[in-house]
Amino acid sequence: MIDDFLYGTAGHAGPMAEVEAAVRAAAAAEIMPRYRQLAAHEIVEKSGPHDLVTAADRLAEEHLTVSLTRLLPGSVVVGEEAVHADPAVYDALGGDAPVWIVDPVDGTRQFVHGEPGFCTLVALAQHGEVYASWTYAPVLDEMAVAVRGRGATLNGTALHSGSPAPGAVLKVAMSHPDYTSDAQKRALLGLRTDGIDPRACGSAGLEYLAVACGAQDAVAFNWEFAWDHAAGLLLVTEAGGAQSTLSGAPYRITGGNDLPFTAARDEATAERVLQALRTGRTDSDPAVG
């Protein structure tokens, strides 16, 4: 079903462009009119001051829910705001129906502050496998698209993550250690070592795009919500990169991952990051290892 949808039949290129158009339309209708124009009542805290939702988040997700399910009848949507309202929605990731995984505004904090570093993330999955993704940064006018087994592009140009220069200090974006469990915090602190230059991440989707472009060497995250990671992980791997959880197993969109996990420009870089994470956790917590 997804193969027919993505690749079409003979003489038809498939509706990839229609999905891209739907993503752009949602941003144009619901996000950009509110960029730097948000009223105070349009911004709400969810779990705390670092977890915000705006009217743009809610309305863009509603817009995409209608347009994407219309493009692929029988599909369902797992969106960040829908799951916040009803956590059982997340269970669809393990079901039989094709699933659109949607983060309407990834980088809400940046959006609220009037900064350009936010994007809309959409991925199409079924039976726990991600088949295609769209990463759209409307202010930056960047659209990255990945299709499983067919590569990744940015504004129509093929993406290649490449490899860091031999001996180069790795540039790694990571979750802020203050917002994690003690064990995961210790693992992340392992990145503060010779040969790695870590910093707190911004929009997860744009951090993944930087890795896929070769502008950044890796990311390391300690939360596993699929709407933050499904699109970017496919983008990185289709650009030639690699990803793994702390146990060495691939990240699963259905959850239950050994955290933190990484995505990197190549397998060797991913292993360097994983080793630093394992060392950080083990050195501070001898019971783990």
Sidechain-backbone polar pair: Ser161 side chain, Ala212 backbone, donor-acceptor under 3.5 Å: no

Closest non-hydrogen atom pair, Glu80 against Asp103: OE1-OD1, 3.1 Å

Side-chain donor or acceptor of Asp86 paired with backbone N/O of Ala88 under 3.5 Å: yes

Salt bridge Glu129-Arg252, side-chain N to carboxylate O under 4.0 Å: no

Connected via hydrophobic side-chain network under 4.5 Å: Leu71 and Val99: no

Heavy-atom closest pair, residues Leu188 and Met174: O-SD, 3.9 Å

Considering all heavy atoms, the nearest Val130-Arg148 contact: O-CD, 3.6 Å

Ala60 to Ala26 - nearest heavy-atom pair and separation: O-CB, 4.2 Å

Under 3.5 Å donor-acceptor, Thr193 side chain and Gly190 backbone: no

Within-4.5 Å side-chain heavy-atom neighbours: Met16 and Val147: yes

Joint hydrophobic cluster, Leu234 plus Val219, side-chain heavy atoms closer than 4.5 Å: yes

Ile196 CD1 to Asp217 CG distance, which is reported to the nearest 0.5 Å: 9.5 Å

Tyr90 atom OH, neighbour heavy-atom count above 12 within 6.0 Å: yes

Hydrophobic cluster identity match, Trp227 and Val77, side-chain contacts under 4.5 Å: no

Side chain Glu238, main chain Gly151, donor-acceptor under 3.5 Å: yes

Check: Leu277 and Leu191 side chains under 4.5 Å, non-hydrogen atoms: yes

Arg272 side chain to Gly195 backbone, donor-acceptor under 3.5 Å: yes

Considering all heavy atoms, the nearest Ala29-Pro33 contact: O-CG, 3.5 Å

Spacing of Asp258 atom CG and Glu224 atom CD [to the nearest 0.5 Å]: 10.0 Å

Distance, nearest 0.5 Å, that separates CG of Leu93 from NE2 of His127: 12.0 Å

Ion pair Arg58/Glu62, N-O distance below 4.0 Å: no

Minimum side-chain heavy-atom gap Leu68-Val102 below 4.5 Å: yes

Derivation of the salt bridge (charged side-chain N to carboxylate O under 4.0 Å, His left out) call for Lys171 and Asp197: CA-CA 5 Å; Lys171 295 181 291 184; Asp197 180 20; over 6 Å; no

Heavy-atom donor-acceptor pair, Asn155 side chain to Asp141 backbone, under 3.5 Å: yes

Test log, rule side chain to side chain contact (heavy atoms under 4.5 Å, CB included), inputs Gln243 and Thr237: CA-CA 7 Å; Gln243 60 103 340; Thr237 54; 3.9 Å; yes

Residue pair Thr54 / Arg34, side-chain heavy-atom distance below 4.5 Å: no

Test item: Arg36 side-chain N/O and Gly114 main-chain N/O as donor-acceptor pair under 3.5 Å: yes

Steps toward side chain to side chain donor-acceptor pair (under 3.5 Å) verdict (Asp266, Ser163): CA-CA 6 Å; Asp266 59 15; Ser163 298; 2.6 Å; yes

Intermediate values then yes/no, side chain to side chain contact (heavy atoms under 4.5 Å, CB included), Phe261 and Leu246: CA-CA 6 Å; Phe261 69 94; Leu246 204 59; over 6 Å; no

Reported CD-to-OG distance for the pair Glu271 and Ser244, which is rounded to 0.5 angstrom: 7.5 Å

Trp100 and Trp134 aromatic ring geometry - parallel, tilted or perpendicular at 30°/60° bounds: tilted

Verdict with reasoning, Tyr208 to Leu233, per side chain to side chain contact (heavy atoms under 4.5 Å, CB included): CA-CA 7 Å; Tyr208 281 116; Leu233 285 169; 3.7 Å; yes

Separation of Ile253 CD1 from Asp228 CG (nearest 0.5 Å): 13.5 Å

Check: Val76 and Thr69 side chains under 4.5 Å, non-hydrogen atoms: no

Among Thr262, Val211, Leu209, side-chain contact (heavy atoms from CB on, under 4.5 Å) partner for Val236: Val211

Contact check, side chains of Leu154 and Cys213, non-hydrogen atoms, under 4.5 Å: yes

Worked check of side chain to side chain donor-acceptor pair (under 3.5 Å) between Ser203 and Glu207: CA-CA 6 Å; Ser203 154; Glu207 301 289 8; over 6 Å; no

Ser175 side chain to Asn222 backbone, donor-acceptor under 3.5 Å: yes

Parallel, tilted or perpendicular: rings of Phe118 and Tyr35 (30°, 60°): tilted

CG/Asp96: more than 12 non-hydrogen atoms of other groups inside 6.0 Å: no

Full working for side chain to side chain donor-acceptor pair (under 3.5 Å) between Thr120 and Asp106: CA-CA 6 Å; Thr120 297; Asp106 179 65; over 6 Å; no

Linked, directly or transitively: Leu121 and Tyr251 (ILVMFWY side chains, under 4.5 Å): no

Heavy-atom pair of closest approach, residues Val122 and Leu64: CG2-CD1, 4.3 Å

Validation row: Phe5, Val19 side chains within 4.5 angstrom (heavy atoms): yes

Test item: Met32 and Val139 side chains (from C-beta on) under 4.5 Å apart, heavy atoms: yes

Stepwise side chain to side chain contact (heavy atoms under 4.5 Å, CB included) check, Leu6 with Leu124: CA-CA 10 Å; Leu6 290 176; Leu124 179 59; 4.1 Å; yes

Side-chain donor or acceptor of Thr65 paired with backbone N/O of Glu61 under 3.5 Å: yes

Geometric class of the His229/Phe221 ring pair [parallel <30°, tilted 30-60°, perpendicular >60°]: tilted

Any donor-acceptor pair under 3.5 Å from Asp57 side chain to Pro104 backbone: no

ILVMFWY cluster, Ile2 and Val23 together (side-chain gap under 4.5 Å): yes

